[in-house]
Amino acid sequence: MRYLSTRGHADRKRFCEILLEGLAPDGGLYLPERYPQVDAIALQRLREAFNGGRPGGYAALAFEILSLFIDDIPAADLRALCEKTYTEAVFGTPQIVPLKKLEDGFYLEALSNGPTLAFKDMAMQLLGNLFDHVLAERDQRVTIVGATSGDTGSAAIEACAGRARVDIVILHPDGRTSEVQRRQMTTVLAPNVGNIAVAGSFDDCQDLAKACFNDLAFRDHHRLTAVNSINWARVMAQIVYYTAAAARLGSAERPVSFCVPTGNFGNIYAAYAAKQMGAPIGRLIIATNSNDILARFIESGAQSMAAVEATLSPSMDIQVSSNFERLLFDLFDRDGRALAKAMAAFRATGTMRASAAQLLRARGIFDAGRLDDAGTLRVIAEALRDTGELLDPHTAIGYAVARQKRGDPSLPMVVLGTAHPAKFPDAVEKAVGKRPELPERLADLYKRPERCTVLGNDLQALQQLMDTTPVPR
Ligand SMILES: *Cc1c(COP(=O)(O)O)cnc(C)c1O
């Protein structure tokens, strides 16, 4: 399998290269040259590997799917990496992604049982193991630098803590993450982890991280690398849980639809990829909060940037969804040059309009809906009353939009549970009047010591710190 860039760069690369590179040299996102096809026989094989979610089934399914995308890691090693990643010890349950019925026809696939209580662990834990393996093979080290508004940073830190060949430095906006989110980062005391609280906004953090990458001498000296959601390996790892749910509930005559709480479009893009591969998947519903650029696109065909509004579902507070470019690549008939032009114009004008044919194609697969904060609180309360499930604000939006956009009631609809309610205790308490408890593994989170460096919004100070202490503590 070779990978290409969405912006038309001529190079074709293998998996391990793009794993470490993240973004393509022309600023595009990597995609496989074509989607491997899973026919009826292969699907039956996947179903047997998964074995209804019995112990070891998820790891076996992950190995089968990853093998279709990775041909530069020996099969036995890849299998061992999957088995090491998807364990009850890491994900709190032998099923890894338990599937529960919410009401007739509606299911919840819970992806939030990993170490940081959000779905990002599903891919990030695998990435940590893949990095270690590939870096050991090449006898290299890297420094991961990233900016976070909350969930990505903690998932990346958990995945990299204590690893031999990776240092990780995560910038977060001082005082602007939730306390749970901050503590999930700053209480990880492994010597290869550096937390930096920047006096500024999330955008300031992101600008600082980007500036480090754009300083080529600095980038090469520290061998900087990124693990943000544009890394193909994260999308690839997420294909596994869509296939798991589709294999379990669906068949060629009974395709399964998914409703996905969406921000950067990384999670739902993996559903699209699974569908392109031939898994029995029906419609894909994009659920947004009031930052609804994607819902407006599906309605009108126009993407237009707007200011970000802070909501109760902060992991979906985005202006432009970076992974949407991967879908656009297909809507542009995989013409990278044309897409590069369109992206440049989008950056310059703040608006992009799809052609009628492109919009029709997108609507053939996707639907979209939104829910504001008041609705989110209402749905958390209703879901608890009617189904007994305590949902976090992101998942509640998914559930509400799944009901708005139901479609054929005879087909199953799976809502993705992207976070544990205890990760957003303030919103949940506001909705139902009681504070969700942290799972046992994290019960002492509020008592653990924190370690963090506070820094001004100052590139020079950051670079100096990183030059003098390999990992700022
Ligand atoms: C990151 C995140 C999302 C959004 O996922 P994307 O892949 O960016 O669309 C939704 N919910 C939670 C809890 C998240 O952490």
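We count ligands from 1, going down the list as the structure has it; atoms in each ligand are counted the same way. Because the structure is a prediction, the values reported are computed rather than measured.
- Numbered from 1 in the order shown, with element, the atoms of ligand 1 that lie under 4.0 Å from a heavy atom of Ser315 read 2 (C), 3 (C), 4 (C), 12 (C), 14 (C), 15 (O).
- For Arg361 and Asp333, the salt-bridge test passes: some basic side-chain N is under 4.0 Å from an acidic carboxylate O.
- Between Arg370 and Asp292 there is a salt bridge, with a side-chain nitrogen of the basic residue lying less than 4.0 Å from a carboxylate oxygen of the acidic one.
- Annotation: Thr418 places an N or O atom under 3.5 Å from an N or O atom of ligand 1; distance criterion only.
- By the 3.5 Å distance cut-off applied to N or O atoms, Asn267 is counted among the residues near ligand 1.
- Considering backbone and side-chain atoms alike, Asn264 places an N or O below 3.5 Å from some N or O of ligand 1.
- Shown in contact with Asp151 at under 4.0 Å from a heavy atom are these atoms of ligand 1, numbered in order with element: 13 (C), 14 (C), 15 (O).
- Listed by first and then second residue, the salt bridge (charged side-chain N to carboxylate O under 4.0 Å, His left out) pairs involving residues 115-133 are Asp132-Arg163 (not counting sequence neighbours).
- The distance from atom CD1 of Ile397 to atom OG of Ser313, rounded to the nearest 0.5 Å, is 3.5 Å.
- Salt bridge status for Glu450 with Arg183: present, with a side-chain N to carboxylate O gap under 4.0 Å.
- Between Ala118 and ligand 1, a contact under 3.5 Å exists for no N or O pair.
- Glu299 has no carboxylate O lying under 4.0 Å from a charged side-chain N of Arg363, or vice versa, which leaves the two without a salt bridge.
- Taking only nitrogen or oxygen atoms, main chain and side chain alike, Phe265 reaches within less than 3.5 Å of ligand 1.
- Contact annotation: Phe119 has at least one heavy atom less than 4.0 Å from an atom of ligand 1.
- Less than 4.0 angstrom separates some heavy atom of Thr262 from each of these atoms of ligand 1: 9 (O).
- Only the side chain of Lys120 comes within 4.0 Å of ligand 1, counting heavy atoms alone; its backbone N, CA, C and O stay farther away.
- Across the listed options Ser313, Ser229, Ser321, Gly263, Gly263 owns the non-hydrogen atom lying nearest to atom 4 (C) of ligand 1.
- Each of the atoms 4 (C), 10 (C) of ligand 1 lies under 4.0 Å from some heavy atom of Pro261.
- Near Gly266, with a cut-off below 4.0 Å to any heavy atom, the atoms of ligand 1 are 6 (P), 7 (O), 9 (O).
- Rounding to the nearest 0.5 Å places CG of Leu416 at 4.0 Å from OH of Tyr242.
- The cationic group of Arg403 lies under 6.0 Å from the six-membered ring centre of Tyr399 and within 45° of the ring axis, placing it in a cation-pi geometry.
- Under a 4.0 Å criterion applied to the non-hydrogen atoms of Ala419, ligand 1 contributes the atoms 13 (C).
- Across every non-hydrogen atom of Thr85 and Leu81, the tightest pair is OG1-O, 2.7 Å.
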